[in-house]
Structures are given as C-alpha cells and as structure tokens.
Amino acid sequence: MKRSFALPLLFVLACKPPTPAEQMDAVVSWVSTAGMAGDAWLRHTTPDNYTRQALQLSNQQLLEIGTELRKSPPPAIDGATLDSVLTRSRFHIAQMARLVEEKNAPDFKTQLDSLRTDQRLVKQLSDSVESTQ
Amino acid sequence: MKKILQLALGVITSVGGFLEIGSVTTAAQAGAQFGYQLLWAILLGTLCLIFLIEMSGRLSAVSKHTIVDAMRERFGFPFFFIVLVGMVIIAFMVLVAELGGIGFGLQILTGVAFPWWAIPVSFVVWLLMWKGSFSLIENGASLLGLVTISFIVSAFKLHPDWSGVASGLVPSIPETDKARHGFLAVSILGASISPYLMYFYSSGAIEDKWDRSYIPINRFIAGFGMTFGGVLSMGVLVVAALALQPKGIQVETFPQAALLMTTALPRWGFYLFAASMIVACFGAALEISLAIAYFFAQGFGWNWSEDLEPSKNSRFAFVYTIIILLAAIPLLLGVDPIKVTMMSMALTSATLPLAIVPFLFLMNDPIYLGKYRNGWISNSVVAVIILISFVLALISIPLQIMGG
Amino acid sequence: MEVNVELLIGTKVRDADGNDVGRIEEFRVERKDNSCTVESYLIGAAGLISRLSAWTLVRPIARALHARKLYYLYDVPWKDMDLSDPKRPKLRIARGDLRHAR
Amino acid sequence: MNLVRDVLDKKLIDREDCCMGRVSGLVMHVSESAPPSVTHILVGGPTLWMRVHPFLGRLSKRLATIWGPKRNEPVKIPWSRVETVGRDVKLDVKGKDTGALDWEIWVAQHIIERIPGGGSEEEE
C-alpha cells in the first residue's frame, strides 16, 4: 500500500537524461512537425490557431533542446553548423507563425521551402550522430 | 430481436471502451518510433482482454455479483481495501488523462488552451452521469465512437506493406533503444489490459440485468468487440508508422499527434482526429468515473445504479461527483495529460497482479459459478496473463525510468 | 462474554501446553430457527482455502506438486476452545489429541 | 454453514430490497456451558477499519463522533432478524430504522439534494 503512494513520486524524480542521439532525434522531430503542420495549413485543412500554436511549440522546443545541445554538443558533428541550422530553422518557423496570422500564404510557402532545406541538413547531422554511436 | 440489438450495441460499446487517450498515444508513439515492430503488443493485449472481459461478463451473468462484490465477499475487507487504494489512484490518473484528452481535442479545434476546458468538460461529464441513464451513456458514447473507424480507413488509404504488418505481429527485440521499446510495449499492454474496463463491464451486465441466457451473447461481445477495438488501435499504430515515422516525427505532444491522419485524409484528417479523440476520451471518462463509483458502492454494499435518481443512491452519486471535481484540478494547473497517461499506463502494468490474481480465484469458485466456472483452457489463459502481469509489474518501473 | 468474530480471523491459537497450533480461519455454525451456534473452529491453511472457496483451484495444483502435506486442517469442537482472552485463544487439550479433518 | 465464507462481508438487504451495507462484523456470545452463539451483526465504519488496523478503527470511531450523522455506537442488528443467508443476507427490518443507512441519508440531505436535479431521498 505504501508502495502505491511512493511510486508516482519516484516516476517524477527519476527519468534519465537524454543522450545526444535522442536529442538530435528530437530536433528532427520538431523541425518535421513544423514542416508537416505548415503543409497542412497551406492545403487549408487545419485551423489557423492550431497551426500557430504548433509552430510556436516547435520553435520553443527547438530553443530548449538547442540550449541543452550547446552545453554538451555531440562530438561527432560540428557545433557551429548545428547551431546555425537550428537558429535558421527557428527563424523560419517563427516567420511562418507570424504569416499564419497575416494569412499570407505565398510568403508562408517561401519560408516553408527554406525550412525544408534545413530539415534535410538536420536529418544528415542526426544520422551522423547516430552512426558514430 | 432485443438481444440482437443489444449484441450490436455491446460490440460498439466495447470499441468505445477500448480506444481512449492511453491506447491512442501509446500506439501512435510506438508506430512513430518503431514502425510495425510493436504490433504484437497490441495483439497480445487484445487477446488477454478478450478472455478477461468474457470472464467478467460470465461471472456477473451467472452469480449476479460484480467482480467487486465477489472480491469483497471472498477476500474480506482488508484485502479489498488494498485493491481499492491501488485501483482508485490509477483510475483517477487515467480519468485526468481522459479529461485532458477531451480538452486537447477542443484546444486544437478552437485554439483555446486545454486548462480552460477542464471545468466545462468535467461539468458535462458529470451532468451526463447526474441526469443520464446507463443505456444513454453506454449507447450514446458508443455510437459516437464509430467516428474512430477513420483510423482504420486512414491505415488502408496509406497502403501499408502487409507482410511488414504481419511480421510486426511477432515479438522482436530491436538493436537500438531497447529500453524505450520495452517501455512502450509495457505501456501498450497497460493501456489494453485495464482492470477498470473489467469492473465497468461486469457492473454493466448487472445494470442490464443479464442472466445465464446471456452467456453466448457475452462471449460474442467480448470476442468481436475487443477484436474490433484492437484493430482500431493497430490502425493508429500503422498510420503513425506510415505518416510520421518516415519524417522522424515523435509523438510527445498532442499537436504532433494531431497530424496523424493529415497525410491519409488530407481534407478531413485533422478534424476527424480531433473528433475521434474527443469522443473516445469522453466515453472513457464516463466509464472510468462510473467504474470508480461502482467500486466504492459495490465494495461497501451501498445502493447503486446509474438509472436511479442521485438522491436514491446518494453515496454512489457523491463518489463520482467528488472524483470528477478532483480530476479537474490537475488540469487547471496545467499538468500535461500525455505525461499522466504514460505514467498511468506503466502503473497499471505494475499493479496488474493485484487485480488479476483474485480474479482467478473468483472464476473458479463453485459457489458463484457452479458449472459455468473456468475450464482448463480459460484457467491456463489466466495463468499466462498472471505470468505476464508479474513480469510487467517487475519490469515496468525500471523501464519507466530508463525509457520514459 | 462477547467476542468479535471478525477480529478472531487469523489469530494464532496455542494448545494446552503452549504449542503453536495454527490460525483460526473459519467457523462452522449451525442455524436453528432464530439462533446461530458455533459448532467448531477450523484451524490451519486448509481452513483458509475453504474460506476462499478455492478448493477447485488449489486441489489440482497441490496434487500435481505432491504438496498435500502443505495444508492441514484441525476441526476444533467448541468445547475444546478457550476464548477467555480473545487476543490469545487457547485449546483446552494438547495438539496431539486434535482431530484432523478431511 | 461457514461463518466467514457465507456470512461475513455479504450484502445486507432489508424488507424493501434496499441495500444496507455489508456485514462488517459479527458478535458471538461465549460461555462455559453452552456452544457460542452469534448474537448480532455489526454494520459500519469503525468495525470495518478495526479489521484493517486498530489505529484506523480508533480514528474512524473518533471521526464518526464529530462529523456526519454523529453516531457513537456501532449499528447492531440482532441475529434473530436474519431471514435467509444466500447470495445476500436478507433481514426482516426496515433499513432506515436500524441506523445502517444514516450516512446514505446524511449525504443525500446535506449534499445531493442541494444540487439541482438531485431529487429527494424521501419520496417513494
């Protein structure tokens, strides 16, 4: 009985920190999320509010993971490259979030296309981290 | 004729009971990260559930006792109390998660953040229990639940590689991320084999006044209903494997899950997902609140029936009122429902033996079941489930720490 | 003297010489008209099994494991039980004189 | 008949098929000359919690005197009122008169009836 009370506490306290490979996976995941949400919005199949929130969320998540990565960068890749691609992605995502509000689809598409380029780069970086593990 | 109708409704009800925020998130996470590899966990969970649900219904139909009635009578109050504490804590967490799921569904539709929905959503759930009848809740929630079939439609539209799907039905161990893989398998099993479903089902059999003549119907409902539910879960996993995994999207948050069906059904996928989530979580929230109230009322021998006026079974009504009020609080504070879900799934696995071991005794009780008690096949199945549940209980905590 | 039945369940019983006999698990009663009288007390693991109505489940397992000796049952007639201290029930006879049931 | 398996923890049903709780405890009268006889059925919280732990029993007794229907003595139903012992224990009493439903009525009057749509506990 005591066990059932102590367990939830234990869960909250104990969760091991993510490895660099997991962090890179998360980066890929969030950049792709932004891309996919952007696609859906361009097709007019998702509400503006949702799209803006999803973009803001991925921007914020990328910021957090980026800060962590800067503290302990994965040894296999160039820290500066990673840093710049993260900053660029976040810039595009932030622009997209703004353009949703303005309902400016053409400019949104331009930003989305640039994000796609960064998405591929992020994927390459993540793969190289994975292969060195 | 009436029985045929009941049969159809029963099957749909069990679908409603099966698919909820836990099974959707775990299946989506599994598909997004490991492709078809974890399909076997859904298959195993579904098979276990078919047997457990059939037994729950049979116990009620023959003995006119619910599982909780019988457990209190056979094992006495001190043991009952331990199960009560464990069951209420976990069911409460699941309830918080389901209410959060409804709130999230509304959030992606309207843009209003989910903590704002905590009060209105809890109120509507409560109002339905307060004013509604059992059949309204059972049948209404389940008919609406048919919208979740869109998961299967999406899976087909993405043309999965069927040989890959089939190989996923056989357990395998991945080369990397073993802890995460194990954690997700445990969570999927925890999401499928949820004891509250057994308690709810056996109470429902009493509410619907089942007798021995319902044994074949019960068998049919358990078999087809749970299979149907399992296939829906597999649909979620397959869609996630095809739509999210290639892009490397993991399902950590709800806005990511919302993109699940946008590839398969570009036009309606987003809205169908939101609707499915709202409806499925709503049905589950009702079932869990009632299951908790049933548990108290039956265990302590109070009057209980969802069809009575609240004041005619005041303590029963009081329990679900309090529990739904309390469940709104963590959501108001902005606790992440997905985290609560994952935690409650692992905890369900950890406490499974507590629910299943007494159940084995009850299902062999000659006084309750006479000649309808478990045969050796059913007993072997329960023995295997107990074995699985002990393994789950032992590994779920370390896996939560390493893979959660 | 008044004794609470529910608190007697699971209490250890000693015999007249102070030896451990087992725990009280069940009470055999006789119902007549408006009264209900205790005929005997069941002591030992087998009493627990019959209390849980679990023979159909336990018997085949025990047979397969040849573990029939693990469970035992003393059927103590009411005359032989001294409940003057309900927390420490005592037998009025020695363990050796007890009747094995079943 | 076996006392623990067949009577203890069984549901109590009154004359009007109303559930009155479960058999929380049983009192038996012990004497030197005659076989012990079961005299009363006990219903209610303190008896129940005493079975889990004496501390909880005392706590529950204490709380019962300061909150709710404020009952100092446990509900005792004479064994002579028992009609049948089967799936449930049927009693020849009116549940409300025994005190076993005090809490049910208290919750109904103090909480449930005050919420709109709760109905009234009194009407038949």
Side-chain angles (χ1 to χ4, degrees), chain B residues 59-60 62-66 68-85 123 126-132 206 293 296-305 307-322 324-325 361 365-370, chain D residues 1-2 4-14 16-25 41-45 47-53 56-57 68 85-89 95-96 100-124:
Chain B
L59 178 72
S60 293
V62 177
S63 75
K64 307 278 163 44
H65 278 67
T66 64
V68 181
D69 285 332
M71 193 164 61
R72 164 83 197 263
E73 286 175 14
R74 277 293 171 265
F75 295 92
F77 184 71
F79 180 82
F80 165 79
F81 177 63
I82 296 173
V83 181
L84 176 84
V85 171
F123 179 73
W126 172 80
L127 196 65
L128 255 170
M129 290 190 285
W130 190 255
K131 290 300 246 182
I206 302 283
F296 274 93
Q298 293 160 7
F300 288 97
W302 307 336
N303 281 322
W304 61 272
S305 169
D307 293 337
L308 284 176
E309 209 175 26
S311 61
K312 295 283 187 299
N313 45 12
S314 65
R315 288 180 284 190
F316 172 74
F318 178 68
V319 171
Y320 66 65
T321 305
I322 286 290
I324 202 100
L325 261 177
F361 281 84
D365 196 317
I367 299 175
Y368 285 139
L369 285 158
Chain D
M1 194 171 75
N2 290 350
V4 183
R5 188 190 65 193
D6 299 330
V7 183
L8 195 67
D9 290 307
K10 279 263 157 81
K11 193 147 81 178
L12 293 164
I13 308 282
D14 80 348
E16 287 152 358
D17 279 332
C18 173
C19 305
M20 302 167 45
R22 288 181 178 276
V23 181
S24 314
I41 291 175
L42 298 174
V43 193
T47 319
L48 216 48
W49 294 113
M50 194 57 101
R51 286 165 70 183
V52 183
H53 198 276
L56 288 174
V85 176
R87 186 164 42 152
D88 306 307
V89 176
K96 283 181 186 168
L101 289 171
D102 281 5
W103 268 103
E104 182 85 22
I105 296 166
W106 190 86
V107 172
Q109 287 175 347
H110 288 79
I111 301 161
I112 302 297
E113 284 176 15
R114 298 190 180 178
I115 305 172
S120 163
E121 166 269 324
E122 288 293 331
E123 69 196 49
E124 290 304 315

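Since the structure is predicted, the reported quantities are computational estimates derived from the model, not experimental observations. Convention: sequence-line order gives letters A, B, ...; per-chain numbering from 1.
In plain terms, the two heavy atoms of B/Trp302 and D/Glu104 that are nearest each other are CB-OE1, 4.2 Å. Among all heavy-atom pairs drawn from D/Val52 and B/Pro78, the shortest one is CG2-CA, 4.1 Å. In terms of heavy atoms, D/Val23 sits closest to B/Arg72 at O-NH2, 4.1 Å.
Residue B/Ile322 holds its CD1 atom at 7.0 Å from CD1 of D/Ile111, rounded to the nearest 0.5 Å. Atom NE2 of D/His53 and atom CZ of B/Phe81 lie 11.5 Å apart (nearest 0.5 Å). For the atom pair B/Arg74 CZ and D/Leu8 CG, the distance stands at 11.5 Å (nearest 0.5 Å). Separation of atoms CZ (B/Phe79) and CG (D/Asp9) is listed at 12.5 Å; rounding is to 0.5 Å. The structure places CD of D/Glu113 at 8.5 Å from OG of B/Ser314, a figure rounded to the nearest 0.5 Å. To the nearest 0.5 Å, the span separating OH on B/Tyr368 from CZ on D/Arg87 amounts to 11.0 Å.
Residues forming a side-chain contact (heavy atoms from CB on, under 4.5 Å) with B/Leu325 (at least two apart in sequence, or on another chain): none. Legend: residues meeting side-chain contact (heavy atoms from CB on, under 4.5 Å) with B/Thr66, ordered by chain and number and at least two apart, are B/Val68, B/Asp69, B/Ser202, B/Ser203, B/Ile206, B/Gln298, B/Trp304.
For D/Val7, no part lies near chain B; criterion is any non-hydrogen pair under 4.5 Å. With a 4.5 Å cut-off on non-hydrogen atoms, B/Ile367 touches chain D through its side chain but not through its backbone.
Among B/Phe80, B/Trp130, B/Phe316, the residue with the largest count of heavy-atom pairs under 4.5 Å with chain D is B/Trp130. Of the listed residues (B/Gly301, B/Gly76, B/Gly299), the one with the most heavy-atom contacts under 4.5 Å to chain D is B/Gly301.
Contact check for B/Lys312 versus D/Ile112: no side-chain heavy atoms found under the 4.5 Å cut-off. You'll find the side chain of D/Arg5 stays beyond 4.5 Å of the side chain of B/Glu73, heavy atoms only. Contact of the D/Ile115 side chain with the B/Trp126 side chain is registered, since non-hydrogen atoms from C-beta on lie closer than 4.5 Å.
Taking the six-membered ring where the residue is Trp, B/Phe300 and D/Trp49 present tilted rings, their angle falling between 30° and 60°.
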